[in-house]
There are 4 protein chains.
Amino acid sequence: MVNIASPEKIARRRQDILDAAIDIFAEKGFHASGIADIATRLGIGHGTVYRYYKNKRDIFNEILSLLLSEMSTVVQQDPPNTNSLPEYQQQLERIADRLIAIFRERPQLARIAFYESYGVDAEISDAVNRIQELFAEFTAYYLQNGISKAFLRSEMDTAIAARLVTAMLMETVKHVALNDFSDKQIEPWRREIIRLMIGGLSR
Amino acid sequence: MVNIASPEKIARRRQDILDAAIDIFAEKGFHASGIADIATRLGIGHGTVYRYYKNKRDIFNEILSLLLSEMSTVVQQDPPNTNSLPEYQQQLERIADRLIAIFRERPQLARIAFYESYGVDAEISDAVNRIQELFAEFTAYYLQNGISKAFLRSEMDTAIAARLVTAMLMETVKHVALNDFSDKQIEPWRREIIRLMIGGLSR
Amino acid sequence: MVNIASPEKIARRRQDILDAAIDIFAEKGFHASGIADIATRLGIGHGTVYRYYKNKRDIFNEILSLLLSEMSTVVQQDPPNTNSLPEYQQQLERIADRLIAIFRERPQLARIAFYESYGVDAEISDAVNRIQELFAEFTAYYLQNGISKAFLRSEMDTAIAARLVTAMLMETVKHVALNDFSDKQIEPWRREIIRLMIGGLSR
Amino acid sequence: MVNIASPEKIARRRQDILDAAIDIFAEKGFHASGIADIATRLGIGHGTVYRYYKNKRDIFNEILSLLLSEMSTVVQQDPPNTNSLPEYQQQLERIADRLIAIFRERPQLARIAFYESYGVDAEISDAVNRIQELFAEFTAYYLQNGISKAFLRSEMDTAIAARLVTAMLMETVKHVALNDFSDKQIEPWRREIIRLMIGGLSR
DNA sequence: AATGAATGAGGATTCATTCAT
DNA sequence: CATGAATGAATCCTCATTCAT
């Protein structure tokens, strides 16, 4: 009559711990957050945390995986096959909106992604960069598609342009999520980033 | 009746310590860097460091001040009074070049600014943000000037556009500095950011 | 679902640490004693000490509390209601004996009370003084009782006399405890302090 | 043309340092006082202190020597040769007054003697005890004289009684000096200690 | 499985002392 | 002689991790 926890139960516990950890890490940062803080928030013993995660780093890595997967979904849902500038513009808006949605739902993820991940560890910084690079990579595909469909500038260095565009997108997400913007407050950012991406600053 | 170290000597020591600290912090991050690491790199006793800086945070703050002042200089040297798009474009290039120059000279500063500063402390994150905001603020003035001189889009939200532009600029600086790019490697970034800013992605 | 150490066990550990700390502090004084010394004496890790006491000061404070409570008991058990000089004399002997008993049982407490507490901290010096003052206060009550019952001098300044008497008592306790006196060695002190208190030095 | 400081000048410097040290030690205690505090108070370099005293302990030892010598003088000036109880009483008053005078002139010495000396070091505690013992020793002579002249109790254990009397005297000095008593405030203490010593507490 | 008791590596900081100038 | 720059021993305390119950 040994009692083995069902896989579902284990998964639920892991999730609870992850959720608590996201809150705690977002509040205090990786270094200042203790395993005990996470356990206390859940009302469990801190030793228990180690039954579900190898160590503190492991929890953080899982958070980053979550981030990576959520952000991947955003781009992967929207293949680079638009046929005109207006279509591409709509696609851009969709992607921005979905990305914003992720972080608005859990602003703590924004704090972690944009602040608390850095300075932990070279490996973790790399992981965060990889997320951005994934985004940039996809963006490059969109740009290449636009060029091949002739609605984007042909002499563009898509790799570089993709990074720049991604940087703007991330800046937008960061602002909107960290300042807990309402839809109305988001609107001008949404409009401005699209305009800038499409037509630049000039008249 | 001797022995009061000359102000120059004191300043030099402080500078040496700061330089070593920049290297160490860039390599290992704030938390993983010990005062002893800094002292050892200089071949001095770690107690000596405390004669020049109150504590570890104090050293880090000084690095941030340095960063802030260097970056301030970049924008403050170039007042927002260009009269045409080509002129503004040249100004943009100048600013980008000067900014890049700062970080190419000391790529460690880039690591500190873009990675290691975050996650230390709320106060320090704020300081870094303030640097970016300073930049965005100035950028907004450039944009307003361009609008008033009628060579930039009039319906632009300059505050937002400024932040987006700053984000691109920082992304560029980050890449160029952290990957230790040669002039030749920098060129396409330089070209692309200007194009994107001026005319966007579209044809 | 186990592992919450029973309150008894916790209390025992606290007590063990306190006992070891009393030994160590008595031997080397507060400043020269390290938490590591205490832990080592118990054969436990020094981190463990911090599970039971907030810090070194906290341990010391607890020792002082112990001292205060033990010494309080001595006087509080013996209300100031004797009716004649012989009765009072007997009471004095009882009190002296009980006080001596405390410190003979743990001569280290004498070292702490009479030596090692001073010079730690203004707060701690005050705490030690308060113990003596408590004693003097009670002594004043005894004296007032003696005056009202007309077996002690009526023109006495009881507050001052109480302090002087307390000083003699403490001197006795100090000697007896610190020199680890046998009953036989104590006897002349016992006799002399009583005589002096009752009839002074003169014939 | 070597310049050797005159012995007088050296002595004066030593004295200045000693005076400053007395102030500082009395204020903050031995451990909390830094050599730098002493030097700063004198407006000299802290390295200079080491030209006059071997180390911090050495300065403290000198303070204790000073104390010892001042207190020795008090008793040594007044030989144990009184012939009657009233004469002895007057002698007691003289001694108490002289002792009080020392500490009223420099209340810092009282703080050092009664508080800050303990807990520094076993050796220093011993030195302080030796001062008290010197006093007790002399007191024993007074008592023996009184017994031989038949104005004091013959069955007295003079060594013990001397210690008890000394304890009262020190308690008085401590109170009077540390509370910066005026002559008028001292009077009742003076009166009470004499009464207690002569005739005890009883009617 | 869950727990929390125990552990000790790790690091910042202070300050007495030395000694080159 | 005077100085203060340099030094590093010394010690407190935190907290991630392990593991007996």
Side-chain angles (χ1 to χ4, degrees), chain A residues 2-5 9-10 13 31-40 42-59, chain B residues 1-6 9-10 13 31-39 42-59, chain C residues 1-6 9-10 13 31-37 39 42-58, chain D residues 2-5 9-10 13 31-40 42-59:
Chain A
V2 183
N3 225 320
I4 292 179
K9 201 160 178 187
I10 291 178
R13 253 300 163 81
H31 278 107
S33 299
I35 290 290
D37 295 322
I38 296 168
T40 300
L42 289 172
I44 64 176
H46 65 271
T48 307
V49 173
Y50 284 88
R51 302 197 65 76
Y52 293 88
Y53 290 94
K54 203 158 57 68
N55 53 36
K56 204 165 105 166
R57 276 287 310 267
D58 193 31
I59 303 176
Chain B
M1 233 67 116
V2 247
N3 211 24
I4 313 115
S6 66
K9 197 158 181 189
I10 291 177
R13 248 311 160 82
H31 277 108
S33 300
I35 291 291
D37 296 322
I38 297 168
L42 289 171
I44 64 176
H46 66 271
T48 305
V49 174
Y50 285 90
R51 293 187 55 78
Y52 295 88
Y53 291 94
K54 205 157 58 65
N55 52 38
K56 208 165 93 165
R57 273 291 306 266
D58 194 30
I59 303 177
Chain C
M1 233 65 117
V2 246
N3 213 24
I4 312 115
S6 66
K9 198 159 181 186
I10 291 177
R13 249 313 160 83
H31 277 108
S33 300
I35 290 289
D37 296 321
L42 289 171
I44 64 176
H46 69 270
T48 306
V49 174
Y50 286 91
R51 292 187 57 76
Y52 294 87
Y53 291 94
K54 206 156 61 65
N55 52 37
K56 208 166 92 166
R57 273 291 306 267
D58 194 29
Chain D
V2 182
N3 225 320
I4 292 181
K9 201 161 178 187
I10 290 178
R13 252 301 163 82
H31 278 107
S33 300
I35 289 291
D37 295 322
I38 296 169
T40 301
L42 289 172
I44 65 175
H46 65 271
T48 307
V49 173
Y50 284 88
R51 302 195 65 76
Y52 294 88
Y53 290 94
K54 203 157 59 68
N55 54 36
K56 204 166 105 168
R57 274 287 311 267
D58 194 30
I59 304 176

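In what follows, chains are A, B, ... by sequence order, proteins preceding strands, each numbered from 1. The analysis underlying the following values was restricted to heavy atoms, covering all of them including side chains, and did not include hydrogens, waters or symmetry mates.
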For DNA chain F, please output the secondary structure as dot-bracket, reading 5' to 3'. Pairs are Watson-Crick or G-U wobble, both atom distances under 3.5 Å; mark crossing pairs with [ ], other-strand partners with |, unpaired with a dot.
.||||||||||||||||||||
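- B:S33 comes within contact range of the sugar-phosphate backbone alone, with a heavy-atom separation under 4.0 Å but no base atom that close.
- Scanning atom types as modelled, no donor and acceptor separated by under 3.5 angstrom connect the side chain of C:H46 and the base of F:dC12.
- Atom CG of C:L42 is separated from atom P of E:dA6 by 11 Å (rounded to the nearest Å).
- Within the 4.0 angstrom heavy-atom criterion, no nucleotide atom of any strand lies near A:I38.
- Less than 4.0 Å separates DNA chain E from at least one heavy atom of each of the following residues of residues 47-57 of chain A: A:G47, A:T48, A:R51, A:Y52.
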Evaluation steps, side chain to side chain contact (heavy atoms under 4.5 Å, CB included), between B:I10 and B:Y52:
CA-CA 8 Å; B:I10 291 177; B:Y52 295 88; 4.1 Å; yes
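- Between B:G45 and A:A32, the one whose closest nucleotide on DNA chain F sits nearer the 5' end is B:G45.
- Between E:dA16, F:dT14, F:dG4, one nucleotide has an atom nearer to the side chain of D:I35 than all others, and that is E:dA16.
- Qualifying salt bridge (Lys or Arg N to Asp or Glu O under 4.0 Å) partners for B:R51, counting only residues two or more places apart in sequence or in other chains: none.
- The minimum heavy-atom distance between B:Y50 and B:N55, with the atom names listed, is CE2-CA, 4.0 Å.
- Among E:dG4, E:dT17, F:dT7, the nucleotide with an atom closest to any side-chain atom of B:I44 is F:dT7.
- Side chains of A:T48 and A:L42 form no contact here, defined as non-hydrogen atoms less than 4.5 Å apart.
- Distance D:H31 NE2 to E:dA16 P: 10 Å, rounded to the nearest Å.
- Take A:H46 and apply the side-chain hydrogen bond (donor to acceptor under 3.5 Å, both in side chains) test, not counting sequence neighbours, and it matches no residue.
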Which atom pairs, donor and acceptor, lie under 3.5 Å between side-chain atoms of residues 32-40 of chain A and protein residues at least two apart or in another chain?
unit_1 : atom_1 : unit_2 : atom_2 : d
A:S33  : OG     : A:I24  : O      : 3.3
A:S33  : OG     : A:G29  : O      : 2.5
A:D37  : OD2    : A:K28  : NZ     : 3.2
A:D37  : OD2    : A:G34  : N      : 2.8
A:T40  : OG1    : A:A36  : O      : 2.6

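- Between D:H31 and C:H31, the shortest heavy-atom contact is ND1-ND1, 2.9 Å.
- Nearest-nucleotide assignment on DNA chain E puts the 5′-proximal partner with C:K9, out of C:K9 and B:G34.
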